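Please find one structure pasted underneath; my questions will follow.
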Amino acid sequence: MPTCGAPTPWRLTQNLRMLERNGLVERTVHPTVPPRVEYTLTEAGCGLRATVDGMCEWTYRYFRHIESARRRFEA
């Protein structure tokens, strides 16, 4: 069962690699000591962000409705 809390560095790396593989982020390695890696959203990533922001806005707007429906369902 998944646990809540901060992601492990391994999990974060896996998620970033998946986003990079899918063309949602670009990875830039800076040749410094220690090495520094920077991720930026691609055009597709920005488009997805707009969609996710809309879903979050919808959830925020209807959260009370959702909670009420859950309580009715569980009763």
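The analysis underlying the following values was restricted to heavy atoms, covering all of them including side chains, and did not include hydrogens, waters or symmetry mates. Just so you know, these numbers come straight off a predicted model, no measurement behind them.
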Report, one line per pair, each donor and acceptor closer than 3.5 Å where one atom sits in a side chain of residues 66-75; sequence neighbours left out.
from	atom 1	to	atom 2	distance (Å)
E67	OE2	R70	NH1	3.1
S68	OG	R72	NH1	2.7

All side-chain contact (heavy atoms from CB on, under 4.5 Å) counterparts of L41, not counting sequence neighbours: V25, C46, R49
Qualifying salt bridge (charged side-chain N to carboxylate O under 4.0 Å, His left out) pairs, either residue in residues 9-22, two or more places apart: none
Interatomic distance, L12 atom CG to Y39 atom OH [nearest 0.5 angstrom]: 7.5 Å
All salt bridge (Lys or Arg N to Asp or Glu O under 4.0 Å) counterparts of E43, not counting sequence neighbours: none
Over 12 non-hydrogen atoms of neighbours within 6.0 angstrom of OH in Y62: no
Gap separating the CG atom of L24 from the OG1 atom of T40, nearest 0.5 angstrom: 11.5 Å
Considering all heavy atoms, the nearest A44-G23 contact: CB-O, 3.9 Å
Crowding at NE2, H65 (>12 non-hydrogen neighbours, <6.0 Å): no
Tell me which donor-acceptor pairs under 3.5 Å the side chains of residues 50-60 have, and how far apart each pair is, sequence neighbours excluded?
from	atom 1	to	atom 2	distance (Å)
T51	OG1	G47	O	3.3
E57	OE2	R61	NH2	2.9
T59	OG1	M55	O	2.9

All salt bridge (Lys or Arg N to Asp or Glu O under 4.0 Å) counterparts of R27, not counting sequence neighbours: none
Cluster overlap L19 with W10, hydrophobic side-chain contacts below 4.5 Å: no
